[in-house]
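Sequence lines set the chain letters: A, B, ... in the order given, protein chains first and strands last, and positions in each chain run from 1. A quick note: this is a predicted structure, and the numbers were derived from the prediction, not measured.
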There are 2 protein chains.
Amino acid sequence: MHRLDESLLMSLPPFSLLDRPQVRAILDRATSRRYDIGATVFQEGHDAEQFFLLLDGTIRVVKITADGEQITSLHIPPGQLFGFAKAIGRTTYPATAMVASESVILSWATPLWDTFITEYPGFAQASAKTVGSRLTELNSRIIDMSTQHVEQRVARALSRLVSQSGQRTADGIEIGFPITRQDVSEMTGTTLHTVSRLLSSWEKNGLIKSKRKKITICDPHRLTLLGEG
Amino acid sequence: MHRLDESLLMSLPPFSLLDRPQVRAILDRATSRRYDIGATVFQEGHDAEQFFLLLDGTIRVVKITADGEQITSLHIPPGQLFGFAKAIGRTTYPATAMVASESVILSWATPLWDTFITEYPGFAQASAKTVGSRLTELNSRIIDMSTQHVEQRVARALSRLVSQSGQRTADGIEIGFPITRQDVSEMTGTTLHTVSRLLSSWEKNGLIKSKRKKITICDPHRLTLLGEG
DNA sequence: CAAAGAGTTTGCTCTAGCGCAAAGTTTTGA
DNA sequence: TCAAAACTTTGCGCTAGAGCAAACTCTTTG
């Protein structure tokens, strides 16, 4: 394995408050690995032996409901820590992490978490921020679900995805990883049928374009308006 | 103000990993205050100047939606820390905390958070647990909202409330603070009408008893079954 | 003790969106 | 190259539950 280049990584959220030697020290203890699409990084309930940093790609974090249905609880964009059970006082992973698009992931053994937290206050602060933003995100999803209609929820979900991992293309901004109607329905608490109908009608209005597993937002502004009901 | 008795408080979650002198030190820096029902402890968006520990009573944490509607994001039972913006990397409160039943609350100036965290690893660990359980709770509410019908959601909400702050009475277990149909509807993303209808029908079946602002679960087991659909 | 206020119940109507079914399309892989 | 598998679209009927309206009951207060 080649040595990781700290200068490229220093600007990532978890490291932004650290100086170069600190980042160097942390990276020197990391393992880097590439994962294919569909791979499982860790599974709900398993012992949290490692924590992770997504360098490139997308991770989908899913929970399985009592009756076997699967729902997507969040998407991790590159540059974020995930699977840090230690930070939330757990010893097992609370959800399953799957690779949504080919990813490069750094990992560390869980015991290092405490080391980093105590040795690098900047790291502690940054990871608190991450946890905080998850909390905020979940909260606003609950609000959405309790007050918004599905059209608005789907619009918002797409907006979020685009802002996390959108990529400019000729037609507009495209969601940076393969995503099915089913996926979107799992994120918004609806059915793939309804999502399909919505996307079709939006496509007719020129709001989006979509292929199989691909969604491109042509008019992000109008989409946002839709989401605000 | 009289001196707080550390021996009574040592068993509370935030202190359970600390020894007596440590708890003593923390308590010596706390301010204790009683709040009447309906009072506001802090408001969303305001500078987080303090963090809190609920000794007795109940706190309702609410968020206001874009269109002015208010939704209850969680209830704090006695013994829990709340308003710890620092722990989630924020400088302002992310929600509003209102007093749901007459409460006694300890508070500390926010800068002390860092002091406690670094000086008392047990405190850091315990607060991570609290954050973690909030995360878990929100997550499972999202799952509920996306997969369960309102009858099941309401059943679960009542179960949660009862397990957090239930009090034995002659008829069964009663929710330990005044709560309206409207409140329940805000917790479950439905309307007070639907909640009222549900409670009425449950009352006919002998599952619950309810007065104005009071709900008593006569048959907790059957309620749980209902919640599992 | 009246009168206002706060909370609850119930009836009725209407529709968003689910569930089911079936056919179309794209991709995979043998 | 031809199935089979995976994904998507569309149609149709149906119901959970929202929205609205109105009456009822308990509580507070002047």
Trainee: For the side chain of B/E49 and the backbone of B/A109, is there at least one donor-acceptor N/O pair under 3.5 Å apart?
Mentor: no
Trainee: Identify the heavy atoms of B/K214 and B/G176 that sit nearest to each other, and give their distance.
Mentor: NZ-C, 4.1 Å
Trainee: Side chains of B/I59 and B/V99: closer than 4.5 Å at any heavy-atom pair?
Mentor: yes
Trainee: For the ring-ring contact (aromatic ring centres under 6.0 Å, His included) test, which of A/F51, A/W108, A/W113 pairs with A/F84?
Mentor: A/W113
Trainee: Counting only side-chain N and O atoms of A/T194, is one of them less than 4.0 Å from OP1 or OP2 of C/dC18?
Mentor: yes
Trainee: Starting at CD of B/Q148 and ending at C1' of C/dC18, how long is that distance when rounded to a whole Å?
Mentor: 15 Å
Trainee: In this structure, how many angstroms lie between the C1' atom of C/dA22 and the CZ atom of A/R197, rounded?
Mentor: 13 Å
Trainee: Tell me: CG of B/L198 to P of C/dT10, nearest whole Å?
Mentor: 12 Å
Trainee: C/dG17 P sits how many Å from B/M145 CE, rounded?
Mentor: 14 Å
Trainee: Please pick, from C/dC18, D/dG19, D/dT8, the nucleotide with the shortest atom-to-atom distance to any side-chain atom of A/L192.
Mentor: D/dT8
Trainee: Examine C/dC18: is either OP1 or OP2 under 4.0 Å from a nitrogen or oxygen in the side chain of A/T190? Give yes or no.
Mentor: yes
Trainee: Could you check A/H149 against A/K204 and say which one's nearest nucleotide on DNA chain D is further toward the 5' end?
Mentor: A/K204
Trainee: When you check the phosphate oxygens OP1 and OP2 of C/dA6, does a side-chain N or O of B/T180 lie under 4.0 Å from one of them?
Mentor: no
Trainee: For A/R153 and C/dA16, what is the distance between atoms CZ and P respectively, to the nearest whole Å?
Mentor: 14 Å
Trainee: Quick one: B/K211 NZ to D/dC24 P, roughly how many Å, whole number?
Mentor: 24 Å
Trainee: Taking only side-chain nitrogens and oxygens of A/R181, does any of them come within less than 4.0 Å of OP1 or OP2 of D/dT9?
Mentor: yes
Trainee: Report the residue (A/R212 or A/V195) whose heavy-atom-nearest nucleotide on DNA chain C is the more 5′ of the two.
Mentor: A/V195
Trainee: Could you give the CD-to-P distance, from A/E69 to C/dC18, as a whole number of Å?
Mentor: 11 Å
Trainee: Has A/S196 got a side-chain N or O lying under 4.0 Å from the OP1 or OP2 atom of D/dT8?
Mentor: no
Trainee: Mind checking whether A/F42 and A/F52 have ring centres under 6.0 Å apart?
Mentor: yes
Trainee: Looking at A/H193 and D/dT8, is any side-chain donor or acceptor paired with a base atom of the opposite kind under 3.5 Å?
Mentor: no
Trainee: What is the distance from CD of B/E151 to C1' of D/dA18, rounded to the nearest Å?
Mentor: 17 Å
